Novice: 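The structure under discussion is supplied below as structure tokens; questions concerning it will follow.
These figures come from a predicted structure and were not determined experimentally. In what follows, chains carry the letters A, B, and so on, assigned in the order in which the sequence lines appear, proteins first and then strands, with residues in each chain numbered from 1.
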Protein chains: 2
Amino acid sequence: MRVPESKNIALGETQQDLIIFLKQHHLTITKTRIKIIELFQESESALENNLIEKKTQHQFDRITVYRTLQAFLKTGIIHAIPTYSNSIRYALCKGDCNEHAHIDNHLHFICEKCGKTICLDKADISIIQLPKDYTIHKADAILSGICNVCKTAK
Amino acid sequence: MRVPESKNIALGETQQDLIIFLKQHHLTITKTRIKIIELFQESESALENNLIEKKTQHQFDRITVYRTLQAFLKTGIIHAIPTYSNSIRYALCKGDCNEHAHIDNHLHFICEKCGKTICLDKADISIIQLPKDYTIHKADAILSGICNVCKTAK
DNA sequence: GTAACTGCAAAATATTTGCATCCTT
DNA sequence: AAGGATGCAAATATTTTGCAGTTAC
């Protein structure tokens with residue numbers, strides 16, 4: 001298949017788009033990878049290894065899921081999100097991230113009730129004033145509280 | 001010992017101050033707790049369980065360290081810091097935190113070179129605009145890059 | 001003396017690595 | 001056919017829990 005050249009590698013809706021997307025990131029096409037990317041697309045909140053295993057009903061080996069996430073991370077498809085717990089969460093990169101450049105400055109919200117981690121793309125944290133003698137590569141804000149769903153659910 | 005009443009429970013320099021501090025937080029005084037608080041005071045960067053074990057030269061059982069951290073966390077002496085890794089880091093609360101109220105809105109900087117996590121107290125992230133339908137209890141910003149020490153060390 | 005803290009054992013959870021086998025290109 | 005991806009086994013790291021012995025108040 002011919003892979004279109006593009007600076008802005010965007011993730012389309014159809015499975016065909018998804019295959020192109022993976023190829024653009026120089027990843028081989030496998031059932032695992034397609035399924036896990038689809039999961040990320042469906043989910044509005046961040047995912048951790050454990051959660052992916054459950055959502056795929058243990059269709060794939062736990063280790064395969066770890067390795068898939070590592071491959072996605074390395075090629076800039078997903079990014080890690082800092083958490084207060086001891087498991088690493090990931091979410092799809094919305095921007096123009098790839099192996100070489102990773103732009104990932106945004107807000108993350110962790111709900112204290114349901115535990116979901118949600119990327120809030122609209123907000124921008126570049127307004128934060130930084131100390132002079134530090135070089136900043138990446139900025140992440142973690143907000144915690146009660147999310148919109150849990151609030152209305154009471 | 002008479003424990004002075006105070007709204008602003010502050011941590012003093014001497015070991016005597018430290019004992020008063022622990023009592024104000026309704027914690028019994030033990031060798032472990034004194035040593036670990038002292039460690040936090042000495043260290044300008046955040047500590048994880050592992051690191052505390054090493055710094056105390058395994059003087060205390062690993063499990064005791066975990067439980068000490070939990071006690072400190074519960075009484076508002078320390079706060080957890082979100083990380084990209086799978087171990088939980090803690091730092092002393094500088095403000096007026098206690099069992100009931102926890103004010104902890106500040107910047108955390110993680111150095112990509114030396115791995116240190118540093119609390120940058122001066123900066124304030126309350127200026128971040130938040131979505132309307134979310135209730136925020138706590139805000140934390142994680143900046144990563146190169147810290148002042150590693151920068152000059154080259 | 002009583003309640004709380006500590007240490008050992010054991011278990012649960014999260015993640016990594018090695019190797020043989022299978023799938024993608 | 002070759003290289004990469006997968007799955008199983010095994011190992012490591014982090015954290016939690018139970019229980020008996022010790023310490024703080």
Novice: Would you please say whether a donor-acceptor pair under 3.5 Å links the side chains of A:T135 and B:K151?
Specialist: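 Distance-only check passes for A:T135 and B:K151.
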
Novice: Of all the nucleotides listed (D:dA5, D:dT15, C:dA14), which has the minimum atom distance to the side chain of A:T30?
Specialist: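 Output: D:dA5.
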
Novice: Under 4.0 Å, heavy atoms only, any strand: does A:E53 hit a base, just the sugar-phosphate, or nothing?
Specialist: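 Here A:E53 touches no strand at all.
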
Novice: Please confirm whether the shortest side-chain N or O distance from A:T64 to OP1 or OP2 of D:dG7 is below 4.0 Å.
Specialist: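 Yes, because at least one side-chain N or O of A:T64 sits under 4.0 Å from OP1 or OP2 of D:dG7.
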
Novice: Compute whether any side-chain donor of one residue and acceptor of the other, for B:N49 and B:Y90, lie under 3.5 angstrom apart.
Specialist: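 There is no such pair between these side chains.
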
Novice: Between C:dT6 atom P and B:H58 atom NE2, what is the distance in whole Å?
Specialist: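 B:H58 atom NE2 is separated from C:dT6 atom P by 18 Å.
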
Novice: Is the shortest heavy-atom distance from the side chain of A:I146 to the side chain of A:E112 under 4.5 Å?
Specialist: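 Side-chain contact under 4.5 Å: yes.
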
Novice: When you measure from the side chain of B:D61, which nucleotide among C:dT24, D:dT15, C:dG7 comes out closest?
Specialist: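 Shortest atom-to-atom distance from the side chain points to C:dG7.
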
Novice: C:dA14 phosphate, OP1 or OP2: any side-chain N/O from A:N50 under 4.0 angstrom?
Specialist: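 Answer is yes, contact under 4.0 Å.
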
Novice: Could you check how far CD of A:E48 sits from P of C:dT13, rounded to whole Å?
Specialist: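 Checked: the CD to P distance equals 13 Å.
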
Novice: Begin with the C-alpha distance, continue with both residues' side-chain angles, and end with the deciding distance and a verdict on side-chain contact (heavy atoms from CB on, under 4.5 Å) for A:F60 and A:I52.
Specialist: CA-CA 9 Å; A:F60 312 107; A:I52 293 172; over 6 Å; no

Novice: Using only side-chain N and O atoms of A:Q70, determine if any of them is under 4.0 Å from OP1 or OP2 of C:dT16.
Specialist: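 Answer yes for this pair, as a side-chain N or O of A:Q70 is under 4.0 Å from OP1 or OP2.
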
Novice: Return whichever of B:K31 or A:I88 has its heavy-atom-nearest nucleotide of DNA chain C closer to the 5' end.
Specialist: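 Mapping each residue to its closest nucleotide by heavy atoms, the 5'-most match is B:K31.
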
Novice: Of the candidate nucleotides D:dT15, D:dA5, D:dA24, which contains the atom at the shortest distance from the side chain of B:I29?
Specialist: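 Of the options given, the side chain of B:I29 lies nearest D:dA24.
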
Novice: Rounded to whole angstroms, how far apart are OH on B:Y66 and P on C:dA12?
Specialist: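 In whole Å, C:dA12 P and B:Y66 OH are 17 Å from each other.
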
Novice: Taking CG from B:L73 and C1' from D:dT15, how many angstroms apart are they, rounded to a whole number?
Specialist: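 In whole Å, D:dT15 C1' and B:L73 CG are 14 Å from each other.
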
Novice: Could you state the CG-P distance from B:L27 to D:dC25, rounded to the nearest angstrom?
Specialist: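 Distance check: B:L27 CG to D:dC25 P gives 11 Å.
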
Novice: Quick check on D:dA5: is either OP1 or OP2 less than 4.0 Å from any side-chain nitrogen or oxygen of A:R33?
Specialist: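 A:R33 to D:dA5 OP1/OP2: side-chain N or O found under 4.0 Å.
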
Novice: Of the nucleotides D:dT6, C:dT15, D:dT14, which one has an atom closest to the side chain of A:N49?
Specialist: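 Per side-chain heavy atoms of A:N49, the pick is C:dT15.
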
Novice: Do B:R67 side-chain and D:dG18 base share a donor-acceptor contact under 3.5 Å?
Specialist: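 Checked by distance alone, the answer is yes.
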
Novice: For C:dT6, does either OP1 or OP2 sit under 4.0 Å from a side-chain N or O belonging to B:T32?
Specialist: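 Answer is yes, contact under 4.0 Å.
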
Novice: Do the side-chain N or O atoms of A:T68 get closer than 4.0 angstrom to the phosphate oxygens (OP1, OP2) of D:dA5?
Specialist: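 So the side-chain polar atoms of A:T68 never come under 4.0 Å of the phosphate oxygens OP1 or OP2 of D:dA5.
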
Novice: Please determine whether a side-chain nitrogen or oxygen atom of A:T28 lies at a distance below 4.0 Å from atom OP1 or OP2 of D:dA5.
Specialist: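 Indeed, a polar side-chain atom of A:T28 lies that close.
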
Novice: Does either side chain, that of B:S45 or that of B:R89, offer a donor lying less than 3.5 Å from an acceptor on the other one?
Specialist: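 Their side chains do not contain a donor-acceptor pair, so the 3.5 Å distance test is not met.
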
Novice: Let me know the distance between CG of A:N86 and C1' of D:dT14, rounded to the nearest Å.
Specialist: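 Atom-to-atom, A:N86 to D:dT14, this comes out as 6 Å.
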
Novice: Mind checking what makes side chain to side chain donor-acceptor pair (under 3.5 Å) contact with B:K116, not counting sequence neighbours?
Specialist: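 Testing B:K116 for side chain to side chain donor-acceptor pair (under 3.5 Å), a comparison that skips the adjacent residues, returns B:E44.
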
Novice: Measure the distance from CD1 on A:I63 to P on D:dA10 and round it to the nearest whole Å.
Specialist: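 Taking atom P of D:dA10 as the reference, CD1 of A:I63 is at 12 Å.
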
Novice: Rounded to the Å, how far apart are B:R62 CZ and C:dA9 C1'?
Specialist: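 Checked: the CZ to C1' distance equals 13 Å.
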
